[in-house]
Structures are given as structure tokens and as C-alpha cells.
Asks: 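Shown below is the structure under consideration.
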Amino acid sequence: MATIRTGVSGEPLDMAGLVASFDQGRTDIGAVVTFTGLCRDEDGRLDALELEHYPGMAEAEIARIAHLAAERWPVTDLTVIHRHGRVAPGEPIVLVIAASKHRHAAFEAAEFVMDFLKTQAPFWKKEHARDGTATGWVAARDADDEAEARWGKPS
Amino acid sequence: MATIRTGVSGEPLDMAGLVASFDQGRTDIGAVVTFTGLCRDEDGRLDALELEHYPGMAEAEIARIAHLAAERWPVTDLTVIHRHGRVAPGEPIVLVIAASKHRHAAFEAAEFVMDFLKTQAPFWKKEHARDGTATGWVAARDADDEAEARWGKPS
Amino acid sequence: MKLLYFAWVRERIGLADETIERPAGVETVADLIGWLKARGDGYELALAEPEAIRVALDREHALHDASLDGVREVALFPPMTGG
Amino acid sequence: MKLLYFAWVRERIGLADETIERPAGVETVADLIGWLKARGDGYELALAEPEAIRVALDREHALHDASLDGVREVALFPPMTGG
């Protein structure tokens, strides 16, 4: 049975704290893969990202995706936390931690979660430019749909 | 140009410290993937792993593998540190950190490094059992050769 | 039936949510989008390209041909860009 | 020529390293392994299955048919199990 932790947060995310919260004293984990998605400043152009989300559905979709991953790969621990609200460059937007006895399960579960979050979790990014002028909604990328599609249809 | 840091260490490895040492104040990184390979206690049977290495060649192979990965994927930072000596259950054996603008490059570079480290880096694990009796060298796994082979022959 | 709008759909319509009585003849998501488009310029602008609109029914992803029978909450939004 | 042994190759031979003069007729890694096997029981035990032995020449991986010409350091060891 995998221990699954998921959620959304309006406050800055703390990867080191999350990792420490589950692997302290554990001696049954062979591999831990973490993913941190960070807000980039786009060569200094960006002041912040504003992350809108669908409260209720966002939490439910993240949990659904994490459970799909935990059914598909033998992970022992899977943590997925997504930020909402105003995020400054350099701050995390999303954290994924996958632990397993073996490395490929941990890598694939983490990458699967990210590919599905991108296309399935109800979050939308709006850019706020440093010069106060150009702001706009980030467009979805075809590459993200293709990344999701390569995992096949989950049962 | 990727910043590449590689090495071997006889002292416990510190993932949080390594991550902090490169991403503080950085606003150009979109994705960070970390891998931590940990010593398992094998259901309580194992007292420790003893990691023998080939000094000189171990450092050179890790650096070679990291550079292969950095040529193949657009990573901005790649850190690979491998432990040697006596490692207790729960302690890290190997740390990989791959940072990139985009997540797939970071995931694939980290997984490539691990697959090649397993089969190419001159380290050997000896198990020391808790009851003092059964100790032995860990056998190489065919699955590791297959994992390396799927990346094709690096140029 | 509660309607929720997100991102540029919300901005163009000028509402985050509203509650409506489902009109006669509105059976599917596509019917609802067609009916909404006639409600004003903001709706028309937001829903001009229905194929760009994603939908959730009671917080689960659904397609435009899905039935609205028994549905309490309909959300319309652009393709997601989280992660 | 310096010879290095690791893991169970080292344990069976009973040496971590030694320095030899390359004998006449020993041109390749395979020749060297054959010559070493005749040096004693420990060598015979360590090298009984040459296909299980990996080799590095001057700290680079090499195959058993590689030439020893110009090589200063030969390492013999089992398949690696790091990572």
C-alpha cells in the first residue's frame, strides 16, 4: 500500500521539509525521485505568475492522478502538492516526490504525475510582466498533450 | 553551457544542502529532478553496505557519464555524487540533481545518469548482515544492463 | 445549475460564477454553450471557439456531447496550464 | 604494468594490487587473464570464469581482446553494482 499525500497550497512550497517529513528513519526505501517545477523569470521579463485554480476540483484531480500512478507503479510513497496564487520567479509551482524500492518505478511515477497534472489538473497561469504592460494567459502546449498521450489510456 | 558537478565521497551525502547550493536565487530554472538512491535494510536483515570503489576511475567515470547526459539533453545544472565506504540503512548511496528549463530533459538526464552509473561506474556493494553471518557481494542485475541498453549507444 | 468560469473564460464573460435554471432544449454541454453565447457580447467573445473550451461536470472532466441530466455544477475553462 | 583487483576478484586473489613485467606472448587482456590463472589457486578461483571479469585499461573500460600495448594500469573486477 502506497502512502499518498496530495494537496494545493496558497503558501510557498517547501521541498526539503516534505522530503524530511517522510524519509526520516525509513530504511525500506531504495529510490526517491523528486520533481520541482519552478517559476522562471523568462529572461527578466516576468514579475510573477498568477495561478488560478478550481477549488475542490483541483484537489480532487491531483488525488486522482496520484492514485492512478500508485496503481500503475509499485511506489511506497507519493506526494504531490501544487501551488496557487501569486508566485514569484524562483519559487516552486509544483512538487512531486515518489519513493519506491526500485528506481524506474519512482522515475516513471513522478513523470506520469507531471504529464497528467499539466493537462488534467484545473490550474491556469497568467503572466505579469515586470514593465507592467504585457500580461496574458499562458497558452497550453501541444507538447504537453503529446506527453500525456504516450502513457496510453489509463484504466 | 551546463554546470556539471561530480564526485565521490566517503562521508554521508546531503541532498538538501546540494540542492540549496545551486538553486538559491536562481530564476532561470523551470524544472529540477533529483534522484536519491538509498541503502535499504532488506527487511531488517542488513546491518550495512560496504561500497568499494576504484579511486580515480570512479570519479572519471561519473564525470564522463554526466557529460554524456549534458550533451544529450539541454540541462543547465547536473550534479552527481556517489558514496563509498560503509553505508548504513537509510543513508544515501548516490545523489543526482538535474535542472533544466523543461521537465522532460531533467527527468531523462537524471534517469540516463542512473542507468549508466549502475553498469559503468566502478563501485561494488558488499552486504554485511545484522546477525554477523551471511555477508556477500551483491550480484549485478541483468535488468540494469537492459536499462542501460535502452538509451542506445552514446556517441 | 451552478456555472463556473475560469481564466480567460471568466475574464471575458465578466463573471466567476452564476446560477441558472437549465432552459428547455439544453440537453448537452454543447447545447449549453450555444445558449450561453446568445446571452451577450462577453459570452459570445468567451465562447466564440467552442473547441477551445474545456468542461467539467460536477468537478469531473467531460466532453461537449455529455448530458447535463442530474448535473449540479458546470465549469467552463480554457485548456489547463498548471504543473 | 600495475594490476589492480576489486571486490571478489581482490578477495579471491588475496591482493589489492601488484606490479608485474608483462611476459612475452601476453598481448591482450585475454592473454593476461590466462597467464594470471596459472599463478596460483587464488588466481585460478578468481578468474575461473573469464566472461564474468570486467576490465579497465588505464581507467577506461575495455574488452578482453584489447591490446595491452602502452598500458600502464590494468584493473580486473566483477560487474559493477554501484548506483
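In this text the structure is predicted, and so the values were computed from the model without any measurement.
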Asks: Among C:E11, C:R59, C:R10, which has the most heavy-atom pairs under 4.5 Å with chain A?
Replies: C:R59
Asks: Can you tell me how the ring of A:Y54 sits relative to the ring of C:F77, calling it parallel under 30°, perpendicular over 60° and tilted otherwise?
Replies: perpendicular
Asks: Quick check: do C:H61 and A:M57 have side-chain heavy atoms less than 4.5 Å from each other?
Replies: yes
Asks: For A:P92, give me all partners under side-chain contact (heavy atoms from CB on, under 4.5 Å), at least two apart in sequence or on another chain.
Replies: A:L13, A:T36, A:L38, A:L95
Asks: Is it the side chain or the backbone of A:A139 that comes within 4.5 Å of chain C heavy atoms, both, or neither?
Replies: backbone
Asks: Please confirm whether the backbone N or O of C:G83 pairs with a side-chain atom of A:K125, one donor and one acceptor, at under 3.5 Å?
Replies: yes
Asks: With a 4.5 angstrom heavy-atom cut-off, is it the side chain or the backbone of A:Q120 that approaches chain C, or both, or neither?
Replies: both
Asks: Applying a criterion of heavy atom separation less than 4.5 Å, what residues of residues 80-90 of chain A form contacts with chain C?
Replies: A:H82
Asks: So which heavy atom on C:T81 is nearest to which on A:V138, and how close?
Replies: CG2-O, 3.3 Å
Asks: What are the two closest heavy atoms between A:E52 and C:Y5, and how far apart are they?
Replies: OE2-O, 4.4 Å
Asks: Can you tell me which portion of A:A121 sits under 4.5 Å from chain C's heavy atoms? Options are side chain, backbone, both or neither.
Replies: backbone
Asks: Given that the side chain runs from C-beta out, which part of A:K126 has a heavy atom under 4.5 Å from chain C: side chain, backbone, both or neither?
Replies: side chain
